[in-house]
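Each remark here refers to the structure printed beneath this line.
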There are 2 protein chains.
Amino acid sequence: MAPGSTRPTSRDVAQVAGVSQAAVSLVLGGKWRGRVSETTAERVREAARELGYRPNLAARNLRLGRTRTVLLVVPALTTEFFAGVYTGAARVAAEHGFGVVLYPSPEGVGPAKDPFHSAQAALDGVIASSMAPEALSAIRGDQLPLVMLDSDPRGSLGAATVNLDIADGLRQVAEHLLALGHRRFLHLAAGIPSWTFDTRARSLATHLAQAPGTSLGSTRAPISIEDALTATESALAAPGPRPTAIVCDDDLLAAGAYKAARRLGLRIPDDLSITGVDDLALATAIDPELTTVRLDAELFGERGMQALLAVLEGRTPAQDAIPVELVVRGSTAPPGP
Amino acid sequence: MAPGSTRPTSRDVAQVAGVSQAAVSLVLGGKWRGRVSETTAERVREAARELGYRPNLAARNLRLGRTRTVLLVVPALTTEFFAGVYTGAARVAAEHGFGVVLYPSPEGVGPAKDPFHSAQAALDGVIASSMAPEALSAIRGDQLPLVMLDSDPRGSLGAATVNLDIADGLRQVAEHLLALGHRRFLHLAAGIPSWTFDTRARSLATHLAQAPGTSLGSTRAPISIEDALTATESALAAPGPRPTAIVCDDDLLAAGAYKAARRLGLRIPDDLSITGVDDLALATAIDPELTTVRLDAELFGERGMQALLAVLEGRTPAQDAIPVELVVRGSTAPPGP
DNA sequence: CGGGGGAGGTTGTACGTATAACGTCGTCCG
DNA sequence: CGGACGACGTTATACGTACAACCTCCCCCG
């Protein structure tokens, strides 16, 4: 390629192949059957190859009025959970000729007033997880097709929602611990107001209350091991009989609870049973391995993308909740005497 | 907004404000000083607000010939390391009016022949981490400005590189363990051919060889806890004297080594010292806490973005390596008798 | 009183693509 | 032998924006 040259356009390809720009567009767009002869088509393809032609996406997007690109907004990438969601969404997207752009919703990155400053890409739609209401309404104002993940079906301004059946997950936790004989519980909750965590708290309380003589305390911490450690330590230091089981909203919180237990000289599961949610790699790295609710992140992403495709095509997306599964490991056992 | 209406354009805004489309572009683009009166400008802004006008990015990108968007290619999002890289890169980018699009380099997602199928966004440049050579040359062929992270400065086809001083990190590990009195070592290496892992192996071997009477075995595993567990278990089952210290390329591998040690009844650090690299949250979640090489992921991302901005502006990016720091915790101690 | 110049706009155009609408042959059939 | 039709293309246009170039007052100065 000549130095100082700019990127070749379809017109350059046309000139080299000795045809019109329109012919190039037809051939490279795959719509040339019955319009351009096979020999000419091959000459065009050869010219494109020779010049290293790549279509200008900005021009294509402008012309077509769509980008076949969607945005996936996630709250954080500090665990592998949302990596799985992305993988699932990207797979389904690719099958339909779409691309997925990932946007870790910033606390500190990007101006709050414009959630898309960091995603200048022109978009066809948005899949949003754990999104603050004001950002949500900004998107709605943009008239962008929107699917919400793990969000209140009634509070989403009419946007489609795709949810994990997390209420059933905490039902399974509650019944598992009750069956083991536990009666005094502590709920280590994520200190974030959000539909999914509210639902976890409500479901846990409801199902524990179905057994007689149960007590349920509660404390909350930001989702980090250190914060969970201090929150658990002070909760366990409170007067009165100690809980025999701690139900955590998240595996990271559970890891913090492990550290608190160690620091207080409590053995798991003999003195204290602990459960989490997510089934991260971390869950089998700690000792004993963690009993936790496994979430199928990839399926979650797939369903999110399928729902968005449905919206884009004017169909009504499926609304059934995604099942979750309790994985029993070494961190839960009958309470000591 | 009327039903069935399409998105408002700058022309619509112009009509409502009673001015020409050019005036709208000037006002909203902030280049109206001395060209449009303040009263008219305010009328334009008011009209834009009223219509909910958002500029069409595809059109803007086409017109300007640039997108102010760069792609960050990462190998995986299964740990928080690359989340930190993104955060740093996005912060620097935002300061310069750029956006960053994240692309988890697929194994399974997206066709290999086009690494950008999933990132249809038009791009101004690329920051790539751990990229396969063929994908690299595809980008180079596109004439896209490119910065490579943690890549061989001599093998990057002239692309700029930004590297962690990981050789120095492994030097610190070697000297720490030698000072504690260890002489028999096992290197648990990541089973991935890549500059950063090759460098780790070479640096470790070099610095251990400086003490007399040392031995260094080696085994490799994909970066996952389970794979590390099995690899370590069979390495430790080999005949001959057991190593007293295992140096792992990564904290996840170290977590697998922990499990192997537990399974074999070896106590850490009394029977076996273990070190990692990364300083993930996992490092302080396991018991005992892991001695590891802390990498400043955010700084890494910042430096990568700064280098790319330099390339985009025709400057020569800085080339100094980013320092790393050994964090000594409970997983290393003098070898038992 | 002529005209230079600045304030406050407008007109026109190009970015690169996809596609609708329109030729122009040669062939084959009635 | 006329014309309809298929094969093979081409011409023209629009997408929405940014900006260069131009225009038109009106004020002010020599």
Side-chain angles (χ1 to χ4, degrees), chain A residues 5-45 47-48 51-69 97 120-124 142-143, chain B residues 5-45 47-48 51-69 97 120-124 142-143:
Chain A
S5 72
T6 178
R7 237 172 102 187
T9 73
S10 60
R11 211 175 304 274
D12 297 328
V13 175
Q15 186 161 359
V16 168
V19 296
S20 72
Q21 179 268 331
V24 173
S25 181
L26 287 172
V27 171
L28 268 35
K31 320 202 158 174
W32 52 281
R33 277 148 288 229
R35 316 270 282 110
V36 177
S37 73
E38 177 53 39
T39 29
T40 310
E42 188 47 50
R43 216 166 64 238
V44 168
R45 283 189 284 260
L51 292 178
Y53 169 73
R54 315 232 64 188
N56 180 317
L57 294 175
R60 170 178 294 172
N61 291 341
L62 174 59
R63 171 67 228 238
L64 294 178
R66 63 181 154 78
T67 61
R68 291 194 170 281
T69 298
Q120 310 228 8
L123 303 171
D124 280 358
D142 275 4
Q143 306 274 331
Chain B
S5 72
T6 175
R7 239 174 99 185
T9 74
S10 58
R11 211 175 303 272
D12 297 328
V13 175
Q15 186 161 359
V16 169
V19 296
S20 72
Q21 180 268 332
V24 173
S25 179
L26 288 171
V27 171
L28 268 36
K31 320 204 159 175
W32 53 283
R33 275 148 289 229
R35 316 270 283 111
V36 177
S37 72
E38 176 54 40
T39 29
T40 309
E42 188 47 48
R43 217 167 63 239
V44 168
R45 283 189 285 260
L51 292 178
Y53 169 72
R54 312 233 67 188
N56 180 316
L57 293 174
R60 169 179 294 174
N61 291 341
L62 174 58
R63 171 67 228 239
L64 294 178
R66 65 183 153 75
T67 59
R68 290 197 170 281
T69 298
Q120 310 228 7
L123 302 171
D124 280 357
D142 275 4
Q143 306 274 332

Open item on the list: At 4.0 Å (heavy atoms only), tell me whether Leu62(B) reaches a base, stays on the sugar-phosphate, or touches nothing.
Closed with: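 Base contact.
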
[X] [atom1] to [N] [atom2], straight-line distance once rounded to whole Å:
X        : N       : atom1 : atom2 : value
Leu57(B) : dC15(C) : CG    : C1'   : 16 Å
Lys31(A) : dA21(C) : NZ    : C1'   : 16 Å
Leu51(A) : dG16(C) : CG    : C1'   : 15 Å
Trp32(B) : dC19(D) : CH2   : P     : 17 Å
Asn56(A) : dC15(D) : CG    : P     : 18 Å
Glu42(B) : dG8(C)  : CD    : C1'   : 17 Å

Under the side-chain hydrogen bond (donor to acceptor under 3.5 Å, both in side chains) test, which residues partner [X], sequence neighbours left out?
X         : result
Ser20(B)  : none
Asp124(B) : Thr67(B)
Thr40(A)  : Ser37(A)

Open item on the list: I'd like to check Tyr53(A) versus Leu28(A) (side-chain heavy atoms, cut-off strictly below 4.5 Å). Are they in contact?
Closed with: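 Yes, close enough: below the 4.5 Å cut-off.
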
- [ ] Using a 4.0 Å heavy-atom cut-off, write out nucleotides 5-14 of chain D from 5' to 3' as B (base contacted by protein), S (sugar-phosphate only) or - (no contact).
- [x] ---BBBB--B

TODO: Measure the OG1-CG distance between Thr9(A) and Asn56(A) for me, rounded to the nearest 0.5 Å.
DONE: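 If I round to the nearest 0.5 Å, the distance is 9.0 Å.
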
Task: CG on Asn61(B) to CG on Asn61(A), rounded to 0.5 Å - done: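 These two atoms lie 8.5 Å from each other.
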
Task: Residues, nucleotides or ligands: over 12 heavy atoms within 6.0 Å of Gln21(B) CD - done: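 Yes, CD of Gln21(B) has more than 12 neighbouring heavy atoms, counting only those of other groups under 6.0 Å.
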
Task: Of residues 9-17 of chain B, the positions that come close to DNA chain C - non-hydrogen atoms, cut-off under 4.0 Å - done: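 Residues of residues 9-17 of chain B under 4.0 Å from DNA chain C: none.
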
Open item on the list: Show every salt bridge (charged side-chain N to carboxylate O under 4.0 Å, His left out) that has at least one partner inside residues 14-40 of chain B, sequence neighbours left out.
Closed with: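 Every pair satisfying salt bridge (charged side-chain N to carboxylate O under 4.0 Å, His left out) with a residue in residues 14-40 of chain B: Glu38(B)-Arg45(B).
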
